[in-house]
Amino acid sequence: MTVQTARNNTARWRDLDMRHHLHPFTDTRQLVEAGGSRIITKAEGVWLEDSEGAKILDGMAGLWCVNLGYGRKELAEAAYKQMMELTYYNTFFQTATPTSVELADKLCEVTPAGLNHVFYGCSGSEANDTLVRLLRYYWNLKGQPERKTFISRKNAYHGSTMAAASLSGMTAMHEQSDLPLPGFVHVDCPHWYDEGGDLSPEEFGLKAAKSVEDKILELGADKVAAFIGEPIMGAGGVLLPPETYWPEVQRICREHGVLLVADEVICGFGRTGAWFGSDRYGIQPDLMPMAKGLSSGYLPLSALMVNDEIAQVLIDKGGEFAHGYTYSGHPVSCAVALENIRILEDEKIVQRVHDDNGPYFQRRLRETFEDHPLVGEVRGVGLIAALELVEDKATRTHFDPVGKVGGRCRDHCFANGLVMRATRDAMVMSPPLVISHEEIDEFMVRALKSVDQTAQEVGKL
Ligand code: PXG
């Protein structure tokens with residue numbers, strides 16, 4: 001589509017969109033007041049283009065997913081080739097397709113040891129729904145039907161279906177739909193900046209881990225199905241746990257026989273500079289939901305990794321697991337994921353995030369923002385990061401009401417040709433893993449301009 005065609009159609013698309021399209025996580029009235037959606041028409045590498053021809057640096061890789069960047073021909077060709085050969089066939093009732101099998105094998109190779117079984121879906125939410133269905137079944141088969149409660153964390157995001165939203169720890173989601181369902185409880189999240197008080201991050205990490213143990217003891221360990229956590233909490237505001245947190249949570253889960261689930265939907269496939277957030281934090285999960293970077297967002301795909309012990313119980317005692325999606329193991333999505341992983345490996349992209357553009361991004365962020373009067377904390381690892389915008393740096397005091405300043409900064413970013421997302425007043429970022437040093441420098445120029453404009457408006461500059 002030419003820029004001119006897109007320009008000519010912008011008003012029409014906005015109008016139709018406002019009239020007919022119910023958007024996810026969007027206040028439609030606000031959208032209409034703002035004059036409608038920004039229509040994204042094209043993208044290449046880390047650059048988006050909107051229908052009016054503006055070039056925007058995508059600091060979010062779509063929604064934390066386009067890890068290889070936009071427009072990789074190899075991925076399109078893998079999809080085309082697979083579509084021509086076998087557009088679709090299912091994986092129900094004793095059938096499989098070559099790409100669903102080859103991908104299962106590859107996933108067992110790249111994920112942490114012991115995770116040798118895969119259940120496919122199309123989204124992270126579906127992977128987490130599968131998790132809940134599968135573990136309820138597992139504990140029934142084990143003769144422990146009382147073990148049904150899932151422990152998750154406040155501010156967690158695990159998806160939007162009924163079960164995944166129940167696992168999520170977001171109050172707005174719960175309030176709107178009378179959630180969580182019974183059997184889902186939430187403990188403190190390891191966010192030192194907000195909750196740490198006078199404790200050192202290391203001390204606070206142990207305290208946050210203890211809230212998991214307290215909850216297990218309160219419920220009774222024999223009532224708990226699993227604990228689930230994102231290695232780094234993404235949508236909650238890029239909350240990095242203190243280094244003491246995960247080893248202690250893992251120890252507690254093992255001690256009480258509680259299964260440990262690492263939700264790798266954002267952290268997986270190189271985001272932190274390791275293949276998985278679990279590798280970065282030394283977690284050995286029993287189950288691992290993954291999506292987003294698995295296919296770099298080129299096609300919908302998720303996978304729930306399951307360890308040998310759990311799979312063996314299902315196989316030996318379970319008979320037919322009455323669960324599945326029409327598109328579980330879709331051959332075209334699997335072909336794209338295989339090509340995505342091939343490129344990650346051949347181009348040593350994860351290594352590069354670990355050694356090169358990841359550290360460069362983190363260094364440039366700190367140089368640019370650590371002394372900024374509006375920025376209370378710069379946090380991140382690899383190519384995931386956040387800037388916490390605060391009223392008072394010394395006392396770690398947030399603006400009142402929370403979220404307004406973040407929203408303003410996000411709008412400035414957009415106007416300055418940069419996508420950063422605001423979670424409350426944390427500006428979060430997760431650019432494509434292929435971002436170059438020059439693009440990182442450009443990122444900093446646009447981000448600083450936007451944070452400066454925000455600071456001026458709130459009297460901090
Ligand atoms: N787990 C985690 C850790 C996620 O971040 C999901 C599960 C659900 O995945 P699906 O594919 O069902 O969306 C997610 C999704 C945001 C944002 O604004 C984050 C997500 C999705 C949409 C928006 O930060 N994460």
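Order of listing sets the numbers, starting from 1, for every ligand and every atom in it.
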Option of least heavy-atom distance to atom 1 (N) of ligand 1 (set: Ile228, Asp263, Val428): Asp263

For [X], take its heavy atoms, then give the atoms of ligand 1 lying under 4.0 Å from any of them.
X: Ile266; value: 5 (O)
X: Arg421; value: 16 (C), 18 (O), 24 (O)
X: Gly159; value: 6 (C), 7 (C), 8 (C)
X: Val265; value: 1 (N), 2 (C), 3 (C), 4 (C), 6 (C), 7 (C), 14 (C)
X: Ser125; value: 8 (C), 9 (O), 10 (P), 12 (O)
X: Ala235; value: 19 (C), 24 (O)
X: Gly124; value: 8 (C), 9 (O), 10 (P), 11 (O), 12 (O)
X: Ser123; value: 11 (O), 12 (O)

Donor-acceptor contact below 3.5 Å, side chain [X] vs main chain [Y]:
X: His256; Y: Val258; answer: no
X: Gln362; Y: Ile384; answer: yes
X: Gln82; Y: Leu86; answer: yes
X: Ser166; Y: Leu181; answer: yes
X: Thr91; Y: Ser328; answer: yes

Lys/Arg cation over aromatic Trp192: Arg396, 6.0 Å, 45° cone: yes

Residue part near ligand 1, for Asn128, under 4.0 Å between non-hydrogen atoms: side chain

Min heavy-atom dist Lys292 to ligand 1 below 4.0 Å: yes

Atom 22 (C) of ligand 1 - nearest protein heavy atom and its distance: Leu63 CD1, 3.6 Å

Residue and atom name of the nearest protein heavy atom (relative to atom 3 (C) of ligand 1), distance in Å to one decimal: Tyr157 O, 3.2 Å

More than 12 heavy atoms from other groups under 6.0 Å of OH on Tyr80: no

Over 12 non-hydrogen atoms of neighbours within 6.0 angstrom of NZ in Lys223: yes

Sub-6.0 Å ring centroid separation between His323 and Phe119: yes

Glu230, any N or O under 3.5 Å of ligand 1 N or O: no

Min N/O separation Trp64 to ligand 1 under 3.5 Å: yes

Trace of the side-chain contact (heavy atoms from CB on, under 4.5 Å) decision for Val66 with Tyr298: CA-CA 7 Å; Val66 188; Tyr298 278 61; 4.3 Å; yes

